[in-house]
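Scroll down for the structure; my scribbles are underneath it.
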Amino acid sequence: MELREFHNKVHPPADYDISPYGSQRSLRLRTVPAEGTSAVHFDWGSTPENAEEPDEPRNLRELPLHMGLKRAVWQVQKMRVPVVSRWGSWRIKQSKTFRHFCEIAKEVLSYLVPWKRGIQKIGGHFGGGVQSYFLFLRFLVILNLLSFLLIAAFVLVPSIVFRSIGFNSSIPLSVNLTSVNVCLQYDPKPDPLAVFYTYFLDLVSGTGFMEYSYLFYGYYHDTMVESKGFSYNIPLAYLLTAAFYFIFCLICMIIRMGNVASAVVATDGGVVGRYSMLVFTGWDHGLQGDLAAKLKKNNLRYQLQVDLEEERLQQKAASLTLGQAFALYALRIFLNLVVLALIGGTFYGIAEVTQFSQSEKTTGFNALLLQYLPSIVITTSNFVVPLLCDKIALLEKHSPSTTVILALLRAVFLRLVSLGVLLYTLWEQITCKGETSSQACTPCGYKYEQYKCWETRVGQEMYKLTLFDFLITIGTLILVEFPRRIIVDHCSCKLAQWVGRQEFLVPPNVLALVYSQTVVWTGALFSPLLPLINTIKFILFFYCKKITLFQNCQPALRTFRSTSSNFFFLLVLLFGWILASVVLIYSVAKIHPSYGCGPFRFSPSMWYVVPEAVDMLTSTSKDFLFYIGSQKFSIPLFIFSCVLLCYMGALTSVHGKSVALLKSQCKLEQRDKQFLVKQIEELNATMQKDEPQLPQRDTERFYQTEQEWNGYNNNAFIPDEDPRAY
Amino acid sequence: MGGKASHLPKESLSEYQELTFLTKQEINEAHKKFCQLQTRENGPMERVSMQIIMTLPELKSNPFRERICHVFSTSDRKDGSLSFEDFLDLLSAFSDSATLEIKSHYAFRIFDFDDDGTLDGEDLRKLVNCLTGETDDARLTSEEMRQLIGNILEESDIDKDGTVNLSEFQHVISRSPDFVSSFKIVL
């Protein structure tokens, strides 16, 4: 390249001693190549930027210089007396104190956050993808723990206190109960002479002694305490706590999504520039150990070779004939239909099994099996169908990244909708397919014969799903993964070597977590202790998965993009939340609460306690609440949000355009450079011919201009500032 | 050494906190580690040689360990030996709280094998070889290498001068979501 030759002629790299990486921002610092000394020369010509004074301590760290130079800069900064007003200096002091406080708070929080070392070690040995799973798990543990504390503070502890004091339910006189006498019968107290193993069955299926306990909705009373200056309304507390629990989870998820989304938006989806991205950012410096490093290298090489191969194939396949394209699309449509048929069949199976298990009545071990039948079917289908979908996806001949995304989407669809099918079947059973006027549902509004306390039944289903999921995971660990490792390590037959050690696949594991969390959210209204059970379950998951990771698994052969997939997992979690909130809203608003149990037993719907409580407020508060809920407030709010959205959209497009403009400006600058250098060469040649004694000076001048141009401070990116001679 | 102060004086500690991204804990930890490395030198030396630095478990298997030592070293002999302040600079650039600009700046310097301020084809070739492995069966074929380097230059060389300069490099890095978390070394 012309430019490089010229550069090498004028400026041989061997004795190149200047630090070419001076800062470009607030402090203009240049070092001169004095031999041995690190003399620092300031550019006094720069304007003292008082406005940025508060940021200078941060900027010190951001200077890419050696410690000695940074210290010198600091000394000079301290000597400079900035001319600021009193208001300015107060602001500076406040921001310094605030920053100091933030740093202390961060340090304290870092003590509270659990498993930091463990997760770091996992990241070091298995890479960012697996680490993201454990980070997600830790996020869910903290979320569940905080939710449980919320529920305990407002529902559990007051209930325990009031029950021990002896307050019980008070039947409001306005309700006429003679017509619904039959609905009031509910006696869950366990038979005291039961055989011992029934305790075990009860523990596992949530019936018997477990049913009439704080675990389920049915145990709580509709206590409304109003003594001297202190009032507490348990039904209202129960409902509002459930609502706040959902909103709290939503806020946590959105905050976390916001952090991840900004990274995803910045990368434009990550498809553009994938080779440079892979080569420049592919190495994980946190990896430790020769084995991990070797595997990472193999991984990178594999990835590069696959991408290059794919590109070569794409270039070949771009020239696909019409007939071949048609055949390919027909194949894809057929395979999609097969997948839909599989998934549809699963849903039908789940619906049938749920109906069957709800209606049969046997005792003993058969009863247990029957009760767990829906969970068994769901878990089996969640295991088998994605496997089949993976194999089918391979036949569809998409690019590897599309295949992964398709498989994930299908698995997510399967999991969440199978849960939805279970809930729908339950709803059908409880409310006689929605017709509350049908014969079985007439006096009470729900099928009282089968469901004396339908909320507890729903809670029990969710409890069973949670427990079964836990048992299956632990069982898989013990019965499948450990034996597999033992066989692979000790048996040298070809089959064992071909199967190989377990690989820790992140997407199925994360989807399992999302599914468990959705189940807990759905069941939280009906079983207040479920978040606590889930916290314990996830903590045990963490330790078990960590053990199996280090003992049984080998690092994955193919990379897994952690950040864009993090966003996808949080999105799926959000879908789960939406499903659970739909269930919540429907149960609260539409279905009649059970007459025989629970804190809402005498209200026409669970929501009814809120208007009752609002009626008891003062008129100013009532007016305020009504105003917020009215159209006079919500329509202007909606319009304002639309305007804000349009503004953000406009800002985004402007930024995109300016990026494109700057890129083309870069190209033009480079062409100008080349043109000017050519001119200089020609000028130099003619001048050397004419005046032989001048070349020395000319070379020096070229040196200076070379310094300016060769992009150490690529002034093309700072269009405001003149390139300064050194 | 046994007699050497095993704790940093308080002013130095606050000064290092001010000038690097490390917390107090991390600086003390680094000091401990550095003193341990110094005991392995043959005499009382202020600088630890590159060979001994490269025995740190965090750096032992890193294919860029030599380049890292050279970039952060302020030694006059250009032998990659690090003083304690160079070591702190290294940890600060690789720490959790370092900004993207600092990390991309130092990443560029590490990848610039010939120290000329730009990444040309030869630098990229050496970089890819470091990433895939040094043994013959681990390298890409020359055809693949050519295709790869052509693709990289096509994607990142905006001004089409055949090299990737610092700004172009930072532009690529800013679009990567995983860079900050992978450019991390924690003791």
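This structure is a prediction, so every number in the text was calculated from the model and none was measured. Sequence lines set the chain letters: A, B, ... in the order given, protein chains first and strands last, and positions in each chain run from 1.
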When you compare the side chains of [X] and [Y], does any donor N or O come within less than 3.5 Å of an acceptor on the partner?
X	Y	answer
B:N151	A:E311	yes
A:H66	B:D86	no
B:E155	A:S276	yes

Less than 4.5 Å to any heavy atom of chain A: does that hold for the side chain of [X], its backbone, both, or neither?
X	value
B:L19	both
B:V180	neither
B:L127	side chain
B:L119	side chain
B:L124	side chain
B:F111	side chain

(Q) I'd like to know whether CD of B:E154 has more than 12 heavy-atom contacts from other residues, nucleotides or ligands below 6.0 angstrom. (A) no
Do [X] and [Y] have side-chain heavy atoms sitting under 4.5 Å apart?
X	Y	value
B:N62	A:W283	yes
A:R301	B:L140	yes
B:T132	A:K297	no
A:C666	B:E168	no
A:M67	B:F84	no

Q) Which heavy-atom pair separates B:S156 from A:F280 by the least distance, and what is that distance? A) OG-CE1, 4.1 Å
Q | Summary of salt bridge (charged side-chain N to carboxylate O under 4.0 Å, His left out) pairs that have at least one residue in residues 48-72 of chain B, sequence neighbours excluded | A | B:R67-B:D115
Q | Pairs involving residues 63-76 of chain A, ordered by first then second residue, that meet salt bridge (charged side-chain N to carboxylate O under 4.0 Å, His left out) (sequence neighbours left out) | A | A:K70-B:D89, A:R71-B:E15, A:R71-B:E85
Just verifying a value: how many Å separate [X] [atom1] and [Y] [atom2], rounded to the nearest 0.5 Å?
X	Y	atom1	atom2	result
B:F21	A:R61	CZ	CZ	6.5 Å
B:S181	A:L135	OG	CG	9.5 Å
B:D157	A:K667	CG	NZ	10.0 Å
B:T99	A:E62	OG1	CD	4.5 Å
A:L278	B:L131	CG	CG	8.0 Å
A:L287	B:S182	CG	OG	9.5 Å

(Q) Counting only non-hydrogen atoms closer than 4.5 Å, does A:W74 touch chain B with its backbone (N, CA, C, O), its side chain (CB onward), both, or neither? (A) side chain
Q: Pick one of side chain, backbone, both or neither for A:L291, based on which atoms fall under 4.5 Å of a heavy atom in chain B.
A: neither
**Q.** When B:Q147, B:E144, B:K184 are compared by non-hydrogen pairs under 4.5 Å with chain A, the top option
**A.** B:Q147
**Q.** Residue selection (most heavy-atom pairs with chain A, distance under 4.5 Å) from B:P57, B:S92, B:P63
**A.** B:P63
Q: Count the heavy-atom pairs under 4.5 Å between each of A:K294, A:R671, A:Q305 and chain B, then report the option with the highest count.
A: A:Q305
Q: Measure from the side-chain N and O atoms of B:S61 to the backbone N and O of A:G289, and report whether any donor-acceptor pair falls under 3.5 Å.
A: yes
(Q) Out of the candidates B:F179, B:Y106, B:F94, only one should pair with A:H285 under the ring pair (Phe, Tyr, Trp, His ring centres under 6.0 Å) rule; please name it. (A) B:F94
